[in-house]
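One structure is given below, encoded as C-alpha cells.
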Amino acid sequence: MSELHVYNTLTRKLEKYEPINPKQTKMYVCGPTVYGDSHLGHAKSYISFDLVFRWLKVAGFNPFYVQNITDVGHLVGDAEEGEDKIQKLSKELASEPMAIAEGFTKSYFDDMDRLNILRPHISPRATGHIPEQLEMIETLISKGFAYESNGSVYFDVKKFSSYGKLSGRKTDELQEGARVEIHEDKRNPLDFALWKKAEANHLMRWKSPFGVGFPGWHIECSAMSMKYLGESFDIHGGGLENQFPHHECEIAQSEAATGKHFVKYWLHNNMVTVNGEKMGKSKGNFVLVKDLFKTYDPMVIRFLVLSSHYRSPIDFSAEGLMSAQSGFERLMNMVGPVLKFEEGREEKPFTQKLILDWFEEFSEAMNDDFNSPRALAVVFNAVKTLNTNPELLVDGGLRSELPSFFRKTVGEVLGLLPENASGKSFEKELDSAMGLILELRTGFRQEKNWSKSDLIRDRLTSGGIVIEDGKEGSKWKIKGS
RNA sequence: GGCGACGUACCCAAGUGGCUAAGGGAGAAGUCUGCAAAACUUUCAUUCGGCGGUUCGAAUCCGCCCGUCGCCUCCA
C-alpha cells in the first residue's frame, strides 16, 4: 500500500507523514468559538478534519484527537470595542454568560453529531484552563518574551525572530499594512495580548498576578494543546483564515515558552463562499447547518463537502446541494441494499481481486493528502461495475466481502453511513408492515387496478418511502438512505 | 499596498511531463416498464483562461497578460 503524504502549510510542500511517535499520532484542531450556531464553514472545517482523523485511524496511526471549545469569547471587532462576544449576547438575553456558551456548545455538538463527525477524545474548554494559561504567561514573562503593561500582558514579537514562518509574512511589511491597530500599552503594534485587563463592565473575568482580567485570543490553544498532547506534537489543523494571526501567534508563544519545535504538520482547510461571496457577518449570508437540515439529509451536506478537496474552497449554491443529493442517492441505491446482505457486523478481510484493487485505489487517494473526491470516484466506479455486472452481487460473486468493503470505505472513512444513534429502531416491524402493503399492492397490479396501486405508491412516496417495481417484484426503501 | 490560492465540459470536480483528460450532477436519445422510479446503453472538453517559450512530447514546467477568490481585523 502507498504511504500517507500530507500538505504541510509550514513548508508549503506535500510531505511523507511520519509521526513523532510511530505508535500514536497526536492531533489538535482549533475548535469553535461558541457564540452562535454552526454554519457551513464549521461544517467544512470539521468534516475535513474528521476525515483526517478517520483515515489516520484506518491507516493505523492511532490518532489521539483534541479539539478545544473557546468559551471565553474573543473581542468583538468594530463598534463594540472591548466587549466580549459572549458577554454581548448574554446582555441581550439577560442571562449568565456561561449559560450562553453552554447552550451554543451543545448546539455545536448536536450539529456535528448529525454530520456524523466523530467526537474528539477531549474537548477542553478555555474557561476550564485559566491556570494553565496563566502559568504559560508567567513562563513567557520570566523568559523575557512577554511584558506586563497597565494590567495586561503582551507578547513581544520582536523577541521571537521566526515570527511569520507559518504565514510567510515579514514583520516589517506588516507594520506598513496600516491595519494593525496601534495600542498605547503595546511596545510594538504587532505585539499581541496574552492577558487582557478587564474593564469594569466585563463579565467574564478571572484573578491573576496582573490583576483581574481574561486571557488573550491565542493563548488557550497553546496551553490546552500542550497540556494534553505535549510540547511537540504531530498535527495541528484549522481554517485557513486562522493561519494568520492565530496560528502564527500560537507558534510564537509555544516555542518561546518551551524552546522546542511546536507542531510538525500544519494542516489548513480552505473556506466556504456563498454564491461566490465570502460568508460573513457583514454580508449577512451565513448559512446555518440547522437550517440546511430542515431540507437536506446531513449526509448530503457531508457528501457535498467531501466532493471537493479540503484545501480547495467550496462555493455553496442550491445547484451544488441538489447535485450532491442526487449523487448521494445514487451511491446509497447500491450501498444500502448491499449492507443488508449480512446480519452481523464482523469485518471480513478482503481477498477477492476486484475488492482488493478497489481498496488499493481508495487508499491511494486517501494517502494523497486525504483526497476525498478521488476516493469517492473510486467508490462510484465500484458502484458502476456492480450495477453493470449484477452477477457480482450474488453468491459466488463479491457478495461475501462487499458489505465490509462499503462499510470500511463509505462508512468508516468517508463517514457517510451514520449509525442510527437514536437507539431503538423499528426495522423489523417496518419490514413486516411494508411486506404486507407490497403484497396487497401486487394483488392490485395483477388485477390491473392501476388507480389503487398508484394511490398506494403515491401516498408512500409523499411519506418518504419509495416504491420501485422491477422484474422480480416490488422493492421499497426510505428516501435518501 | 503586502501575502497566498485558483482558472479543466452546461454546473461541480480529480488529474501536475507521455496509454483513449477520472468521477458526480444536469441535458438529449434509447433499453426495461401498465405508468413511474431505479438501473443500463449511447451522447456530452481533439482540449484544459489567453499569448509566447522549454521539450521528442505539457492541462501539467517557465515567462508575460487577463480574470476570480481569500488572507493581512474577531472569524471554520
Side-chain angles (χ1 to χ4, degrees), chain A residues 9 12 14 29-33 35-36 38-49 70 73-78 80 84-85 164 167-170 172-181 217 237-246 248 268-273 276-282 286 303-304 307-309 311-315 317 319-331 333-334 337 361 365 368 371-381 383-384 386-390 445 448-450 453-454 457-458 461 466-471 474-475 477 479:
Chain A
T9 311
R12 316 235 167 222
L14 198 63
V29 170
C30 282
T33 304
Y35 63 90
S38 302
H39 55 248
L40 266 176
H42 296 103
K44 174 162 164 73
S45 188
Y46 299 121
I47 288 170
S48 298
F49 289 108
T70 295
H74 289 168
L75 290 172
V76 281
D78 11 286
E80 297 83 6
D84 192 288
K85 277 169 182 166
S167 54
R169 276 161 229 262
K170 312 256 185 315
D172 41 325
E173 281 169 1
L174 278 167
Q175 293 184 25
E176 289 162 19
R179 291 177 96 170
V180 183
E181 98 185 80
W217 319 334
L240 201 53
E241 87 290 344
N242 275 328
Q243 189 185 332
F244 187 90
H246 185 59
E248 199 69 70
H268 290 99
N269 66 276
N270 218 315
M271 318 291 284
V272 176
T273 55
E277 277 196 320
K278 174 191 160 80
M279 188 168 68
K281 243 191 337 190
S282 50
F286 271 122
F303 183 94
L304 177 70
S307 60
S308 77
H309 191 263
R311 281 192 289 115
S312 301
I314 284 189
D315 183 47
S317 64
E319 296 95 301
L321 254 186
M322 273 151 68
S323 167
Q325 166 107 40
S326 301
F328 180 66
E329 274 172 17
R330 176 175 166 81
L331 180 62
N333 279 337
M334 173 55 66
E361 278 178 57
D368 178 19
N371 193 329
S372 55
R374 239 176 89 192
L376 270 174
V378 173
V379 175
F380 272 108
N381 277 326
V383 167
K384 176 89 166 181
L386 294 168
N387 271 324
T388 318
N389 304 284
R445 294 184 69 220
K448 297 201 189 297
N449 189 341
W450 307 126
S453 83
D454 286 353
R457 186 174 62 194
D458 292 346
T461 302
V466 181
I467 301 294
E468 292 174 2
D469 299 323
K471 263 198 177 120
S474 302
K475 284 192 278 195
K477 63 176 187 187
K479 191 165 181 260

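Bear in mind that the values here come from a model prediction, so they are computed numbers and not experimental data. By convention in this document, chain letters (A, B, ...) are assigned in the order of the sequence lines, proteins followed by strands, and residues within each chain are numbered from 1.
In this structure, CG of A:Asn381 is placed 15 Å from P of B:G15, rounded to the nearest angstrom. Distance CD (A:Glu277) to P (B:G70): 8 Å, rounded to an integer number of Å. Going from atom CZ of A:Phe303 over to atom P of B:A13 covers 13 Å, rounded to whole Å. Atoms CG (A:Asp458) and C1' (B:A37) sit 12 Å apart, rounded to a whole Å. One interatomic measurement links the two molecules: CE of A:Met279 to C1' of B:C75, which rounds to 10 Å at whole-angstrom precision. At whole-Å resolution of the value, CD in A:Gln243 and C1' in B:A5 are 11 Å apart. Atom NE2 of A:His268 and atom P of B:C71 are 14 Å apart (whole Å). Put simply, CG on A:Leu304 is 11 Å from C1' on B:G24, counting in whole angstrom units.
Inter-residue side-chain proximity for A:Lys384 and A:Met334 is flagged as unmet; no heavy-atom pair is nearer than 4.5 Å. Side-chain contact between A:Arg445 and A:Ser474 is present, with at least one heavy-atom pair separated by less than 4.5 Å.
Minimum atom distance to the side chain of A:Asn371 is reached by B:A14, of the listed B:A14, B:A38, B:C69. The side chain of A:Tyr35 approaches B:C74 more closely than any other nucleotide in the set B:A26, B:C74, B:A14. Taking every side-chain heavy atom of A:Asp454 into account, B:G34 is the closest of B:G34, B:U33, B:C75. Listed nucleotides: B:C40, B:G34, B:A76. Nearest to the side chain of A:Tyr46: B:A76. Checking B:A39, B:G23, B:A76 against the side-chain heavy atoms of A:Asn333 singles out B:A39 as nearest. With B:A14, B:A22, B:A37 as the choices, the nucleotide that has an atom nearest any side-chain atom of A:His309 turns out to be B:A14.
Contact check, A:Ser312 against B:A14: a side-chain N or O comes under 4.0 Å of OP1 or OP2. Using a 4.0 Å cut-off, no side-chain N or O of A:Asn270 falls inside it from OP1 or OP2 of B:G4. For A:Asn387, a side-chain nitrogen or oxygen approaches OP1 or OP2 of B:C40 to under 4.0 Å. Within the 4.0 Å cut-off from OP1 or OP2 of B:C40, at least one side-chain nitrogen or oxygen of A:Arg330 is found. Residue A:Lys384 places at least one side-chain N or O under 4.0 Å from the OP1 or OP2 atom of B:U41. Taking 4.0 angstrom as the limit, A:Ser308 places none of its side-chain polar atoms (N or O) nearer than this to OP1 or OP2 of B:A14. Between A:Lys278 and B:C71 there is a side-chain polar atom (N or O) within less than 4.0 angstrom of OP1 or OP2. Residue A:Arg374 places no side-chain N or O under 4.0 Å from the OP1 or OP2 atom of B:A22.
If you check every strand for non-hydrogen atoms under 4.0 Å, A:Asp315 touches nothing. When heavy atoms are screened at a 4.0 angstrom cut-off, A:Arg457 is found touching base atoms of the nucleic acid. Within 4.0 Å (heavy atoms only), A:Glu319 reaches no atom of the nucleic acid at all. When heavy atoms are screened at a 4.0 angstrom cut-off, A:Ser167 is found touching the sugar-phosphate backbone but no base atom. The residue A:Val272 sits close to a base: some heavy atom pair falls under 4.0 Å. In this structure, A:Gly239 reaches the sugar-phosphate backbone alone: every heavy-atom distance under 4.0 Å involves primed, P, OP1 or OP2 atoms, never a base.
When atom types are taken as modelled, the side chain of A:Ser45 and the backbone of A:Gly41 share no donor-acceptor pair closer than 3.5 angstrom.
Taking atom C1' on both B:G67 and B:U8, the two are 15 Å apart, rounded to the nearest angstrom.
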Checklist entry - With Watson-Crick and G-U wobble geometry limited to distances under 3.5 Å, how should the secondary structure of RNA chain B be encoded in dot-bracket form, using | for bases paired to another strand and [ ] for crossing pairs? => result ((((((((.[[[..)..(....]]].(((((.......))))).....[[[[[..)....]]]]])))))))....
